[in-house]
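Okay, so here's the structure we're looking at.
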Amino acid sequence: MTSYYMERYLKNKTFYKIQSQSTIDNPDQRIVDDLSSFTGTALSFSLTLFNAAIDLISFSNILFGIYPPLFGVLLAYSLGGTALSVFLGKGLVSLNFLQEKKEADFRYGLVRVRENAESIAFYGGEENEMQLLLSRFRSAFENLNQLLISSRNLDFFTSGYRYLIQILPAAVVAPMYFSGKIEFGVINQSVSAFNHILGDFSLIVYQFQALSAFSAVIDRLGEFDDVLDSNSKKGDQDSKEKIQLNFCLISSSNGLHSNGSMPLSKRVKLLHVEHLTVQTPSEATLIKDLSFEIFEKDHLLVTGPSGSGKTSLLRVIAGLWSFGNGAITVYVRPRGDLEMLHSPDVVSYQVTSTNETIGDSTGRRNFEGVIFLPQKPYMVLGTLRQQLLYPTWTEDSDNLSDDAKQSDSVPFLMRARDARCVNERSKKPTSEDLLQVLNDVSLGHLLSRFDGLDSTHEWSSVLSLGEQQRLAFGRLLLSKPTLALLDESTSALDEANEARLYQLIQAAGITYISIGHRRTLYKYHKKVLHVSTADSTSTQQNWSFKDVEEDPIYDFSKQ
């Protein structure tokens with residue numbers, strides 16, 4: 001179940017949609033704790049129910065043979081007790097549901113303190129964090145008090161229910177003994193059979209608290225399951241998601257295009273944006289009617305005030321954002337293939353951003369040959385080698401330790417890679433390639449600092465933001481995408497390192513689109529797109545697209 005839910009959670013960028021739209025709370029807790037509780041409790045209840053059924057069949061014949069009316073009284077008593085238990089404990093399901101949520105919120109608050117320890121320490125925000133954490137804990141504690149009160153009231157009834165009727169079988173059968181109709185041993189036999197059947201009929205009464213907690217787990221998993229299903233089926237049904245994202249594969253075949261025109265030998269189109277309007281989920285317009293084209297090595301700089309929609313534009317190109325209308329066509333080669341083709345042939349391949357029709361999200365990412373570098377790079381859990389290989393390559397089974405190979409891993413935990421995606425990837429870099437890239441991005445000192453490529457650390461904590469950004473450029477140089485989207489990816493670097501990194505990716509033949517505010521960035525770009533804050537009362541375009549030499553700021557950047 002964990003493998004099944006994780007696959008759906010990571011498919012079609014569902015994890016991103018849940019996080020960005022706050023669809024449900026704590027999906028990690030639902031996968032880890034709720035799935036574990038569900039499987040363990042379901043197995044336990046199944047065995048209990050099976051044992052109760054066998055027990056009921058075995059002892060019903062005994063009790064019914066001794067005194068049939070006693071069997072009927074027991075059945076009526078257990079049905080009445082079950083009804084009262086449901087009435088008294090009807091609030092336990094919602095209280096257990098809330099307890100799961102509130103405890104998960106408290107744990108998440110503690111995780112945020114750990115992940116942002118340096119920022120909190122710089123701010124001196126320990127007192128504020130303490131208050132926020134106590135507030136979350138207080139909420140969980142108060143809900144727990146309500147849960148304990150409801151459980152106590154139910155326990156009072158359950159205890160009375162259990163002992164109130166214990167004297168009944170002996171009281172009913174004793175007159176039959178004194179009249180000589182039965183032997184004394186039959187009294188003990190009837191009491192034993194009565195208690196066994198009472199326990200079987202009263203399974204819900206005795207297990208009601210556990211059942212209510214189980215019901216809360218089912219509700220949380222059911223809610224999670226509905227969200228996963230809705231994201232996989234949404235597609236074109238969402239009226240807000242109107243941006244069409246198309247991908248065309250550039251192949252190296254010679255000859256004319258399908259439309260009869262001569263192939264482009266020098267100007268290979270990589271990006272075509274047509275009448276694009278970008279909106280927020282609340283339908284506030286960020287960019288109006290944007291149209292432009294980017295050819296190979298037409299490096300584009302996107303500028304504008306904060307909040308004008310620059311990063312949202314990159315999200316749209318990357319397929320993460322589709323609120324608005326218009327069309328975007330990205331022309332790419334399979335990742336790792338950046339040879340200059342003298343007669344490229346463009347073969348159209350339609351893909352919508354919401355349906356993920358080219359394999360799963362991982363396969364599609366490698367097919368597209370597009371990579372995104374955010375301002376704060378993502379550091380994976382693993383070795384320095386894995387940091388550099390992410391996300392284009394993963395560790396093969398050949399690289400696993402002998403202990404891991406010899407372990408009896410179940411098949412569904414050994415994920416098979418898509419054969420097509422493996423074929424489309426370039427050859428996996430060797431250790432020498434990784435060392436060379438580290439030196440190129442001025443991170444060669446990390447080898448001695450962390451004992452080589454295969455050391456494991458909490459990289460987001462031990463590396464500065466500038467080192468993380470240089471490491472992200474190392475990933476870029478290794479994967480060699482057709483198009484790179486850089487969202488202020490050098491903001492933490494000095495101008496010398498910034499210049500070196502841009503020169504490296506230019507030399508690698510990578511075309512890139514950058515978001516930035518520094519004037520020094522102009523010299524590394526050929527086109528500039530300036531986006532201004534949209535005016536909701538105006539229908540005019542809020543952008544300008546031109547050659548970088550035509551921008552007045554370009555002259556200042558050369559000084």
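Everything numeric in this text was worked out from a predicted model, so none of it was measured. Numbering starts at 1 and runs along the sequence shown.
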Partner residues of [X] under the salt bridge (charged side-chain N to carboxylate O under 4.0 Å, His left out) criterion, sequence neighbours left out:
{"X": "E103", "value": "none"}
{"X": "R315", "value": "none"}
{"X": "D33", "value": "R107"}
{"X": "K101", "value": "D105"}

Could you tell me whether R470 sits above the aromatic face of F473, with NZ or CZ closer than 6.0 angstrom to the six-membered ring centre and within 45 degrees of the axis? no
More than 12 heavy atoms from other groups under 6.0 Å of CG on L320: yes
Heavy-atom neighbours of R449 CZ exceed 12 at 6.0 Å: yes
What pairs meet the ring pair (Phe, Tyr, Trp, His ring centres under 6.0 Å) rule with one or both residues in residues 76-113, with sequence neighbours excluded? Y77-Y161, F106-F137
Which atoms form the tightest heavy-atom contact between [X] and [Y], and what is the distance?
{"X": "Q386", "Y": "L381", "answer": "OE1-O, 4.2 Å"}
{"X": "G89", "Y": "L154", "answer": "N-CD1, 4.5 Å"}
{"X": "Q387", "Y": "V380", "answer": "NE2-O, 2.6 Å"}
{"X": "F45", "Y": "A210", "answer": "CZ-CB, 3.7 Å"}
{"X": "T280", "Y": "W321", "answer": "CA-CZ2, 3.7 Å"}
{"X": "S312", "Y": "V278", "answer": "CB-CG1, 4.1 Å"}

Pair up each side-chain donor or acceptor in residues 125-133 with any protein partner under 3.5 Å, not counting sequence neighbours, and list the distances.
residue: E127; atom: OE2; partner: Q131; partner atom: NE2; Å: 3.2

Just so I know, are the side chains of [X] and [Y] near enough to count as touching, which here means a heavy-atom distance under 4.5 Å?
{"X": "L388", "Y": "L478", "result": "yes"}
{"X": "E467", "Y": "V462", "result": "no"}
{"X": "V73", "Y": "L75", "result": "no"}
{"X": "N195", "Y": "F59", "result": "no"}

Where the side chain of [X] meets the backbone of [Y], is there a donor-acceptor pair that is under 3.5 Å apart?
{"X": "S150", "Y": "L147", "result": "no"}
{"X": "Q468", "Y": "S460", "result": "yes"}
{"X": "S36", "Y": "V32", "result": "no"}
{"X": "D225", "Y": "L221", "result": "no"}
{"X": "S60", "Y": "I57", "result": "no"}
{"X": "S202", "Y": "G199", "result": "no"}
{"X": "S215", "Y": "L211", "result": "no"}
{"X": "S230", "Y": "V227", "result": "yes"}

Can you spot which of T311, I371, L314, L373 makes a side-chain contact (heavy atoms from CB on, under 4.5 Å) with L485? L314
Test side-chain contact (heavy atoms from CB on, under 4.5 Å) applied to L384 and L463, L443, L438, the passing residue: L438
Between Y378 and W459 (judged by ring centroids, cut-off 6.0 Å), do the two rings come close enough to count as a pair? no
For the pair F224 and Y5, name the ring-plane relationship: parallel under 30°, tilted 30 to 60°, perpendicular over 60°. parallel
Of all residues at least two apart in sequence or in a different chain, which pass the side-chain hydrogen bond (donor to acceptor under 3.5 Å, both in side chains) check with [X]?
{"X": "R30", "value": "D25, E223"}
{"X": "N51", "value": "none"}
{"X": "S431", "value": "R385"}
{"X": "D55", "value": "H196"}

Applying side chain to side chain contact (heavy atoms under 4.5 Å, CB included) to I120 and V113, what does each step give before you reach the verdict? CA-CA 7 Å; I120 295 171; V113 172; 4.2 Å; yes
Kindly indicate, with the supporting measurements, whether the criterion side chain to side chain contact (heavy atoms under 4.5 Å, CB included) is fulfilled by I31 and M1. CA-CA 9 Å; I31 292 175; M1 288 189 71; over 6 Å; no
L88 and F208: side chain to side chain contact (heavy atoms under 4.5 Å, CB included), yes or no, with the steps? CA-CA 10 Å; L88 293 173; F208 193 84; over 6 Å; no
Scan residues 139-162 for pairs that pass salt bridge (Lys or Arg N to Asp or Glu O under 4.0 Å), counting only residues two or more places apart or in two chains. none
Can you list every pair that meets side chain to side chain donor-acceptor pair (under 3.5 Å) and has a residue in residues 38-48, with sequence neighbours left out? none
Less than 4.0 Å between a side-chain N and a carboxylate O, is that true for K428 and D433? no
So, D487 and Q375: side-chain donor and acceptor under 3.5 Å apart, yes or no? no
Intermediate values then yes/no, side chain to side chain contact (heavy atoms under 4.5 Å, CB included), L453 and T383: CA-CA 7 Å; L453 290 171; T383 64; over 6 Å; no
